[in-house]
Amino acid sequence: AVGRPVIQGLGGARVQVMEDRLSSMDVSVTSGDHATTVEPFIANSVEVLKGPATLLYGNGSVGGVVDVHTGRIPHGQLGDTFSGKITAQGSDNGDQHAVAARLDGEGEGFAWHFDGFDRRSTNYDIPGETESDALIAAEEANGEDHDEEASPGFLPGSHFSADGGAIGFSFTGENWFSGVAVSQLNALYGLPGGHGHHDEEENDEDHEDEDHEDEEGFETPILDMEQTRVDIEMGRTGPLFSGNNGAMNRFGSTIESVNLRLGFNDYEHSEIEPNGEVATLFKNEAFEARLEFVHALADAKHVWGLQFAEREFSVSGEEAFVPPVDSENAGIFWLSERDLNIISLEMGLRLENVKHTPEGAAKKDFTALAGSAGAIYPINDEFTLTANFGYAERAPVGEELFSNGPHLATGRFEIGTASLDKETVFRTDLILGWARDNVEATLNAYYASFSDFIYQNPNGMIDDELPVFIWEQADATFQGLDGEVRWNAIEVANGSLELRGFFDVIRASLDTSTEKKLPLIPPNRIGLSATQRWGAIALTLEAMRVGEQDEIPSYELPTKSFTDLGAHLEWQPTLANGQEITVFLRGDNLSDAEQRYHTSFIKDLAPQPGRTVTLGMRYQF
């Protein structure tokens, strides 16, 4: 039910997840068992930003920015029209089902939007043991007996349900709009892995909520989450000033657009024990605002802006490992794109101030600077070289500074360090692109050198029956190579064939006298897919080999390799009046292989789903 993106080995606070250019304003960075509040089923598109463009949204986004565009505030560009979409699908593994629908309309001077979604699943089936071979071996080496009953063929605590929706409207004009959207999200999901336990003696006891108890006596806590969010947006395109003379007109006539975004968020979730008691309560009240101007010249475009965010974050209860913290972030940014005949340049700067005020402790204040430059150079008709260079300072987040308590999601007793300094990084990306006829290929090499990289380090102590980890700093490097090749429009079997291959390799190291490796680093991957199209029918077969990850620190267990096989069959007939319908049948993990993601804290206790078949439909009018 949860997961945050990992980009080239970086995740957590170093990758920002956004909804319509504002933060998701949840608490998913705080812990690996906290879900993001972005619902992909209602998204118009998902944008991944790297390089200078990330400075539009934050200094700390050294890994990248993932922005989900929902269209919940209509911009008044549809004309006098009415449109809608509906998606429905169901899967055999875990009895999953999901449905989402949206309606968008516009009349004279007014536009509106509705959407709603519902997703549900029981515990999903797994092909092997709940515990990994590495964990079983470690338990046996410590003289512990492996409990075979802990592997019932499904993953206890993997059930979930989520529902919500939004309503939005805008007043519109020829070159302006002003709108508001109110959205609600509710989720209830199990917490597998270190949270759960099996107790035959408690199997027959009554519980306040049947959702807390899985099958055959397996009990896991649940997380009950609610978010209400209000978004306001105003925008205008075209010259802001009119007139024939004066400096104001000469400057103002080049302002291409201006946009103001405001977001208000009320979030809370309860972590509820199997007996129905609320063990921990998280609350996050947040506000965010950003103002952007796009200044266009003949050969360049500049984006200027201001951003401000504040949040009141609190945790109470048995597992309150972080004290209440009030945080403020104020930033000013500039991004420029310029065409210099052959070379295209992109440059950005951002300065921001971050303040954390914890309850009962001294305030922490950081001023952080970031700058980035990129260039695109077409070497000849076939080859293009792209280079990005960046420097960024990231202020520590509250969890890194002030944690002090047991954190069951990670299986650690975490202790923050209030004296942490800013984390800095110099990053270089070189991308070589090649295109000839219907073949395209890219090769991307990157290197990131961190000073005062913030990470968790064990001190060898045990507290509350958990190993103690302290937030510390040391120099670190991330380097990697990834590539992709596509061969399109190959005439085969009276149809068109598309081939795609890719690979990625990541290496990360820590400059300390003890540990040299960093945890949660993705293993090597290589994949191949083929899509054959016959008119309205398309068949895709794909295979990905995920390598073993044994380049690990002493406190982490290795992860075995696996092969992921999938297939996707799609039928999209031609309909009249701009209507589109797609019926699809998808198979995931067709070989029913045991799969564990090394980027997960609970990968040794929670494998990925086994073979899953999904039937679905999408309709748009």
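- A ring pair (Phe, Tyr, Trp, His ring centres under 6.0 Å) check over residues 10-40, counting only residues at least two apart or in different chains, returns the pairs His34-His269, His34-Phe282.
- Ring centroids of Tyr447 and Phe426 are separated by 6.0 Å or more, keeping the two rings apart.
- Side-chain atoms of Thr30 and Glu399 form a donor-acceptor pair, as typed in the model, at a separation below 3.5 Å.
- You'll find the side chain of Ile526 stays beyond 4.5 Å of the side chain of Met544, heavy atoms only.
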| request: Give the intermediate values and the outcome of ring-ring contact (aromatic ring centres under 6.0 Å, His included) for residues His159 and Tyr189. | output: CA-CA 6 Å; His159 59 87; Tyr189 57 89; 8.8 Å; no

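- Neither side chain, Thr424 nor Glu393, offers a donor N or O lying under 3.5 Å from an acceptor on the other.
- Arg229 and Ser183 share no side-chain donor-acceptor pair at under 3.5 Å.
- Side-chain atoms of Asn589 and Leu565, non-hydrogen and from C-beta on, never get closer than 4.5 Å to each other.
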| said: Using salt bridge (charged side-chain N to carboxylate O under 4.0 Å, His left out), reason through Glu556 and Lys517 one step at a time and then give a plain yes or no. | reply: CA-CA 10 Å; Glu556 193 176 54; Lys517 300 297 181 182; over 6 Å; no

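- Residues satisfying the side chain to side chain donor-acceptor pair (under 3.5 Å) criterion with Gln549, sequence neighbours excluded, are absent altogether.
- Under the 3.5 Å distance criterion, with hydrogens and angles disregarded, a donor-acceptor pair is assigned to the side chains of Arg4 and Ser28.
- Side chains of Glu472 and Asn457: a donor-acceptor N/O pair is present below 3.5 angstrom, by distance only.
- There is no side-chain donor-acceptor pair under 3.5 Å between Ser132 and Arg596.
- Counting only N and O atoms by type, the side chains of Thr70 and Asp20 include a donor and acceptor under 3.5 Å apart.
- Residues Tyr455 and Phe450 keep their aromatic ring centres 6.0 Å or farther apart.
- A side-chain donor from one of Gln16 and Ser61 sits under 3.5 Å from a side-chain acceptor of the other.
- Asp26 and Gln227 share no side-chain donor-acceptor pair at under 3.5 Å.
- A donor and an acceptor atom, one from each side chain of Glu140 and Asn142, are nowhere located under 3.5 Å apart.
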